[in-house]
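What you see is a predicted model, and the numbers here were worked out from it, not measured in a lab. As the structure lists them, so they are numbered: ligands from 1, and atoms in each ligand from 1.
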Amino acid sequence: MKKFYLTTPIYYVNGAPHIGHAYTSIAADVLARWQRLDGCEVFFLTGTDEHGQKVEKAAAEAGIDPQRFTDQVAADFRAMAAAMGVSNDDFIRTTEERHRRACVALWERLAANGAIYLGHYEGWYAVRDEAFYGEDELVKKPDGTRLAPTGAPVEWVREPSYFFRLSAWQEKLLAFYEQNPDFIAPAARRNEVLSFVRGGLDDLSVSRTSFRWGIPVPNDPAHVMYVWLDALTNYITAAGFPDEAAARWPFWPADLHIVGKEIVRFHAVYWPAMLMAAGIAPPKRIYSHGWWTVEGEKMSKSLGNVIDPRALVAEFGLDPLRYFLLREVPFGNDGDFSRRALITRLNGELANDLGNLAQRTLSLIARNCDGLRPEIGVRIAADQALLAASGALADVLRERLQRLAFHEALEEVWKTVRAANAYIDHQAPWALRKTDSARMAVVLRVLLDALRGIATVLQPFMPDSMARMLDQLGVPEGERNLAALAEDLPAGASLPVPSGIFPRFVEAAG
Ligand code: ME8
């Protein structure tokens with residue numbers, strides 16, 4: 001069985017989970033579910049990033065010791081993933097013992113290979129980004145204060161530090177990007193990374209002595225490891241590193257790290273360099289998505305517009321939210337979340353286009369065919385055309401999802417949904433009932449088979465609703481994967497009583 005390992009970033013536990021975290025996790029979940037449906041053995045990892053100064057500060061502000069604080073917030077992230085229907089196979093926390101072991105082992109390999117040395121660090125550090133910036137990268141405000149390019153405040157830090165010899169990796173990284181043109185996508189992000197690396201690389205400070213909340217450096221416990229070295233390592237910890245006999249080690253290198261655009265540099269530059277320096281294969285692909293704003297504004301605590309995705313699920317249902325997030329904005333671009341846009345898609349595309357199509361088809365079968373799946377019968381060109389479209393969906397979506405073009409994948413499905421609606425209107429099976437009941441049965445069977453194709457490929461996007469639709473279509477549980485679409489289902493099977501799958505959303509008055 002082909003293996004597929006994919007990851008989300010591990011989220012900082014300094015704040016509560018919000019719609020941005022849910023977005024990345026849902027997108028990754030769709031791919032994980034798709035790969036399983038397509039017959040792959042999947043390892044899908046998400047988790048929490050629990051060390052570093054930023055988390056230490058948040059715990060201090062909450063007046064709780066960092067371990068108890070991270071226990072609480074990590075539990076909330078885990079609950080958020082479950083509430084979003086995320087089908088992760090493992091949930092990693094960087095405060096776990098398995099992770100400490102992996103970080104120490106990676107450090108020791110780097111040290112043994114001469115990739116780490118002790119020096120002295122002096123420079124600008126942004127706690128919010130957990131990143132160092134060069135003087136030339138900073139934005140100077142009129143009052144003389146400096147900000148990181150991300151807008152985060154920076155402070156001057158001076159302390160002894162271990163360094164990773166990143167400067168030795170410039171040419172090797174450029175050669176690696178050249179040989180692996182798909183390593184970073186989309187193209188805009190790849191170009192940013194290339195120009196950053198071409199501009200020259202400084203050695204990277206990888207330890208801190210100014211705070212304690214981290215993994216101690218082997219043989220020098222005055223230092224804790226830099227949080228990004230610690231965080232990135234999670235992807236190999238979960239695969240069993242350093243135990244290369246671990247059951248999951250064959251999943252490494254990861255097929256795909258999905259990340260937000262602000263952390264591409266860590267994943268596409270530092271991470272492959274560290275791995276190669278330790279003699280470990282780098283991941284195969286990094287895909288970066290864009291950022292969501294909310295009703296036109298950046299999400300922030302001070303604006304009070306940070307959205308808890310669980311509140312949206314309570315109001316609109318999980319599957320409409322999953323659908324909206326992936327349909328509304330091309331993956332890779334920035335997007336804006338608005339209730340209005342969500343309601344428009346829910347009522348138009350889910351309730352009307354797809355929900356009504358299923359409901360009309362199934363209630364006609366219930367009423368006019370004794371609720372039994374009709375025979376295939378003799379098909380005319382119009383029937384073949386619709387079935388050809390639905391039959392092609394698996395291949396079409398495989399190609400779109402390989403490019404993480406979720407919005408295109410959904411648009412392709414909706415082309416078929418619209419074609420099926422045009423077909424049912426044109427064939428008018430309700431009228432055929434009186435004039436040609438044999439033809440009516442053929443038309444209803446065509447619709448049933450087209451809906452089966454549609455619901456099957458939509459399962460990764462809307463798992464619960466499509467499970468219900470496939471139940472109503474009488475598709476046995478073992479026959480809901482892509483390969484099963486090649487076989488017709490037997491006529492005569494009794495279908496359950498249909499009921500609506502996507503209720504229209506009506507805004508409460510007042
Ligand atoms: O960066 N729109 O964690 P983090 C879209 N711990 N996605 C968003 C978003 C928004 N407005 N806000 C957050 C970290 N995200 C590190 C990662 S990985 C080894 C360590 C998503 O809690 C997006 O995926 O700041 C982004 O990359 C991630 O959350 C950042 O989460």
Among Ile215, Asn219, Val206, find the one that has a side-chain contact (heavy atoms from CB on, under 4.5 Å) with Trp107. Val206
Do Arg109's NZ or CZ and the ring of Phe241 fall within the cation-pi criteria of under 6.0 Å and 45°? no
Pairs of donor and acceptor atoms involving the side chains of residues 330-339, under 3.5 Å and at least two apart or interchain, shall be tabulated with distances.
unit_1: Asp334; atom_1: OD1; unit_2: Lys261; atom_2: NZ; d: 3.0
unit_1: Asp334; atom_1: OD1; unit_2: Trp291; atom_2: N; d: 2.7
unit_1: Asp334; atom_1: OD2; unit_2: Lys261; atom_2: NZ; d: 2.9
unit_1: Asp336; atom_1: OD1; unit_2: Thr293; atom_2: OG1; d: 2.8
unit_1: Asp336; atom_1: OD1; unit_2: Glu295; atom_2: N; d: 3.2
unit_1: Asp336; atom_1: OD1; unit_2: Gly296; atom_2: N; d: 2.6
unit_1: Asp336; atom_1: OD2; unit_2: Gly296; atom_2: N; d: 3.2
unit_1: Ser338; atom_1: OG; unit_2: Ala341; atom_2: N; d: 3.0
unit_1: Arg339; atom_1: NH1; unit_2: Glu315; atom_2: OE1; d: 2.8
unit_1: Arg339; atom_1: NH1; unit_2: Glu315; atom_2: OE2; d: 3.1
unit_1: Arg339; atom_1: NH2; unit_2: Glu315; atom_2: OE2; d: 3.0
unit_1: Arg339; atom_1: NH2; unit_2: Glu507; atom_2: OE2; d: 2.5

Measure from the side-chain N and O atoms of Asp464 to the backbone N and O of Asp319, and report whether any donor-acceptor pair falls under 3.5 Å. no
Between Ser25 and Tyr11: side-chain donor-acceptor atoms closer than 3.5 Å: yes
With a 3.5 Å distance limit and no angle check, can you tell me whether Asp90 reaches the backbone of Leu45 through a side-chain donor-acceptor pair? no
For ligand 1, find each of its N or O atoms that sits under 3.5 Å from a protein N or O atom, and tabulate the pairs with distances to one decimal place.
unit_1: ligand 1; atom_1: 2 (N); unit_2: Trp292; atom_2: N; d: 2.9
unit_1: ligand 1; atom_1: 6 (N); unit_2: Ile10; atom_2: O; d: 2.8
unit_1: ligand 1; atom_1: 6 (N); unit_2: Asp49; atom_2: OD2; d: 2.7
unit_1: ligand 1; atom_1: 7 (N); unit_2: Gly20; atom_2: O; d: 3.4
unit_1: ligand 1; atom_1: 11 (N); unit_2: Trp292; atom_2: O; d: 3.3
unit_1: ligand 1; atom_1: 22 (O); unit_2: Tyr12; atom_2: N; d: 2.9
unit_1: ligand 1; atom_1: 24 (O); unit_2: Thr24; atom_2: OG1; d: 2.7
unit_1: ligand 1; atom_1: 24 (O); unit_2: Gly260; atom_2: N; d: 3.4
unit_1: ligand 1; atom_1: 24 (O); unit_2: His289; atom_2: NE2; d: 3.3
unit_1: ligand 1; atom_1: 27 (O); unit_2: Gly260; atom_2: N; d: 2.9
unit_1: ligand 1; atom_1: 27 (O); unit_2: Glu262; atom_2: OE2; d: 2.8

